[in-house]
Amino acid sequence: MAPASRARLSVDLDALAHNFHAIAAEAEGAEVAPVLKADGYGLGAGPVARRLRREGARTFFVARLAEGEALRAELGQGEAQIMVLDGFTPGAGERLATSGLTPVLNGVGQVSAAVAFAASARAPLPCALQIDTGMNRQGLTLEQAAALALAPDRLRGLDVGLVLSHLGSATQPGHPRNAEQLAAFRRVRDLFPEARASLSSSAGAFLGADYRFDMVRPGISLFGGGPEERPDPRLRAVATLEAPILDIRRLAPGDPVGYGVSIRAEHATRVAVVGAGYADGVIRAARRSGKAWAAGAHRRIYIVDMDLTVVEIGDADLHPGDMIELLGPHALLDDLAAAAGSIAHECLVRLSPRAERLYVERALAPI
């Protein structure tokens, strides 16, 4: 086989299935509804959703209306429910209806617009209500939610099937904000007893029974990101980014590497010039402290340029054409994020289409 000539991104759909069932085990009794915004966290919403549907997923969340339309085209007009977190944005009514999408209403204005659309369509409009329990981001205030519950005519024509909120500190299990938001959400839950309830995304799904309610909405943990922003042995790496060694160079102590002179070799060593950089999604801020994987060991990342990454290989038996793992089961997602001062979500969604993309799938039954 000829050596690879460019970076390669492998998406392990079996690992994705494993993570889906691992989350389901942690959130026993709650529906697991995958969040596939940003094109399935950059890994391809279509292939990811099709595999998750085979594993039992029946509800999916996206952020944008266009993402919902694209996902509906991938899944067809079957039983899968697709919820749009942006909600009932101006002019969205017909598009939501045509694609069978469910808006998550985030404010009084969206509720009013949805009611008007339902009246004009003369048909109930399935929807969800998002309540802000402490993130100060999206959602109705607690007071607005209570006012709607006490004046049902303001929801006329709406089929409110779900009330949801979002935890702001779930990656820190002991943080007091979790308990505060839980208490607030319980009050909201009591206002809409006929609707299902969902408070937790990836990290919240691991917080215990009190946070499960009827549904959890995992995103990053489906793809291997740990619920506490560090590697978690219950989850497997889904994305593997590899790139070929283009050249191997020797450095003397003090030799500068790349632009400027701030990064220098600390000792005599060998480095591999690898054919992927931040244009392929390798976070530039991971230079100096990030680790790649090659020849059975972790290797320090010196620099990340647009098209190239320089990795220290010492005396390892490596040659041009050999592949270096920049992200994957050894160069873990959360470790890369920590080295870059970022989060796993950003590391995934920045993966670009320039790398050759492969979907790996062996098992078709739940793992």
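In this structure, the side chain of Arg212 does not engage the main chain of Ala30 through any donor-acceptor pair within 3.5 Å. A donor-acceptor contact shorter than 3.5 Å is absent between the side chain of Arg284 and the backbone of Ala340. With hydrogens and angles ignored, the 3.5 Å screen pairs a side-chain donor or acceptor of His18 with a backbone N or O of Arg234. Checked by atom type and distance alone, the side chain of Gln110 never pairs as donor or acceptor with a backbone atom of Gly107 at under 3.5 Å. Side-chain N or O atoms of Ser352 include one that pairs as donor or acceptor with a backbone N or O of Ala279 at under 3.5 Å. At least one donor-acceptor pair under 3.5 Å links the side chain of Asn178 to the backbone N or O of Gln172. A donor-acceptor pair under 3.5 Å is formed between the side chain of Asp14 and the backbone N or O of Arg362. Here the side chain of Asn19 pairs a donor or acceptor atom with the backbone of Arg236 at under 3.5 angstrom.
With a 4.5 Å cut-off on side-chain heavy atoms, Val104 and Leu164 count as touching. Between Glu266 and Glu312, every side-chain heavy-atom pair lies at or beyond the 4.5 Å cut-off. At least one side-chain heavy atom of Ile283 sits less than 4.5 Å from a side-chain heavy atom of Arg350. Side-chain contact between Leu199 and Arg189 is absent, with no heavy-atom pair separated by less than 4.5 Å. Annotation: side chain of Thr240 is in contact with side chain of Glu325 (closest heavy-atom distance under 4.5 Å). Here the side chains of Leu65 and Asp86 are not in contact, with every heavy-atom distance at 4.5 Å or above. Counting only heavy atoms from C-beta outward, the side chains of Asp210 and Arg186 approach each other to under 4.5 Å. In this structure, the side chains of Thr141 and Asp132 stay at 4.5 Å or more apart for every pair of heavy atoms.
Atom CG of Asp159 and atom CG of Leu125 lie 8.5 Å apart (nearest 0.5 Å). Atom-to-atom distance recorded for Asp334:CG and Ile343:CD1 is 10.0 Å, nearest 0.5 angstrom. A distance of 9.5 Å separates OG1 in Thr171 from CG in Leu207, rounded to the nearest 0.5 Å. Taken to the nearest 0.5 Å, the CD atom of Glu361 stands 9.5 Å off from the CZ atom of Arg50. Rounded to the nearest 0.5 angstrom, Lys291 NZ and Leu332 CG are separated by 13.0 Å. To the nearest 0.5 Å, atoms OG1 (Thr102) and CZ (Phe61) are separated by 9.0 Å.
Smallest separation of non-hydrogen atoms from Ala337 and Ala344: CB-N, 3.5 Å. The two residues Asp317 and Asp322 have their closest heavy-atom pair at O-OD2, 4.3 Å. Considering all non-hydrogen atoms of both residues, Pro244 and Gly321 come closest at CB-O, 4.4 Å. The two residues Tyr359 and Gly44 come nearest to each other via the heavy atoms OH-CA, 3.6 Å. A pairwise comparison of heavy atoms in Ala7 and Leu241 identifies CB-CD1, 4.3 Å as the closest pair. Across all non-hydrogen atoms, the minimal contact from Ser289 to Ala339 is OG-O, 3.3 Å.
The ring-ring contact (aromatic ring centres under 6.0 Å, His included) search around His298 returns Trp293, not counting sequence neighbours. Remark: Ser201 pairs with no residue by the side-chain hydrogen bond (donor to acceptor under 3.5 Å, both in side chains) rule, at least two apart or across chains. Listed by chain and number, the residues in a side-chain hydrogen bond (donor to acceptor under 3.5 Å, both in side chains) with Arg270 amount to none (sequence neighbours excluded). Legend: residues meeting salt bridge (Lys or Arg N to Asp or Glu O under 4.0 Å) with Arg72, ordered by chain and number and at least two apart, are absent.
In the hydrophobic clustering of this structure, Val311 does not group with Ile303; members are Ile, Leu, Val, Met, Phe, Trp, Tyr whose side-chain heavy atoms approach within less than 4.5 Å, directly or through other members. A chain of hydrophobic side-chain contacts below 4.5 Å, direct or via other Ile, Leu, Val, Met, Phe, Trp or Tyr residues, connects Leu75 to Leu16. Grouping the Ile, Leu, Val, Met, Phe, Trp and Tyr side chains by contacts below 4.5 angstrom, directly or via other members, places Met306 apart from Tyr302. Leu326 and Ile263 sit in two unconnected hydrophobic clusters of ILVMFWY residues. Membership requires side-chain heavy atoms under 4.5 Å apart, directly or through other members. Hydrophobic clustering, with ILVMFWY side chains joined whenever heavy atoms are under 4.5 angstrom apart, keeps Val274 apart from Leu246.
Applying the ring-ring contact (aromatic ring centres under 6.0 Å, His included) test to residues at least two apart or on different chains, the pairs with a partner in residues 194-213 are Phe185-Phe213.
For the side-chain contact (heavy atoms from CB on, under 4.5 Å) with Ser169, the lone residue among Arg177, Glu180, Gln181 that qualifies is Arg177. The residue from Leu71, Leu36, Asp39 that alone fulfils the side-chain contact (heavy atoms from CB on, under 4.5 Å) condition with Val48 is Leu36.
Shown here is Gln77, whose CD atom has more than 12 heavy atoms of other residues, nucleotides or ligands within 6.0 Å. For Arg354, the CZ atom is densely surrounded, since the number of other residues' heavy atoms within 6.0 Å is greater than 12. Remark: Met135 CE is packed, more than 12 non-hydrogen atoms of other residues, nucleotides or ligands lying under 6.0 Å away. Counted within 6.0 Å of CZ on Arg288, heavy atoms from surrounding residues, nucleotides or ligands total more than 12; the atom is thus considered enclosed. For CZ of Arg264, the number of neighbouring non-hydrogen atoms (other residues, nucleotides, ligands) closer than 6.0 Å is greater than 12. Dense packing is recorded around CG of Asp153, with more than 12 heavy atoms of other residues, nucleotides or ligands lying under 6.0 Å away.
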- Message: For a side chain to side chain contact (heavy atoms under 4.5 Å, CB included) check, start with the C-alpha distance between Gln144 and Val111, then their side-chain angles and the critical distance, and finish with the verdict.
- Response: CA-CA 11 Å; Gln144 289 170 336; Val111 170; over 6 Å; no
- Where do Arg51 and Asp12 land on the salt bridge (charged side-chain N to carboxylate O under 4.0 Å, His left out) test, with the steps shown first? CA-CA 11 Å; Arg51 179 59 188 265; Asp12 187 339; over 6 Å; no
- Could you please spell out the steps behind the side chain to side chain contact (heavy atoms under 4.5 Å, CB included) verdict for Val238 and Leu348? CA-CA 10 Å; Val238 172; Leu348 279 187; over 6 Å; no
- Task: For Arg95 and Glu69, run salt bridge (charged side-chain N to carboxylate O under 4.0 Å, His left out): C-alpha distance rounded to whole Å, both residues' side-chain angles, the deciding distance at 0.1 Å, then the answer.
- Result: CA-CA 8 Å; Arg95 291 172 63 185; Glu69 291 170 323; 2.7 Å; yes
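Salt bridge absent: Glu67 and Lys37 never bring a charged side-chain N and a carboxylate O closer than 4.0 Å.
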Distance-only donor-acceptor pairs under 3.5 Å for side chains of residues 214-227, two or more places apart:
residue	atom	partner	partner atom	Å
Asp214	OD2	Ala197	N	2.8
Arg217	NH1	Ser165	O	3.2
Arg217	NH1	Ser198	O	3.3
Arg217	NH1	Ser198	OG	2.7
Arg217	NH2	Ser165	O	2.8
Arg217	NH2	His166	ND1	3.2
Ser221	OG	Gly225	O	2.8

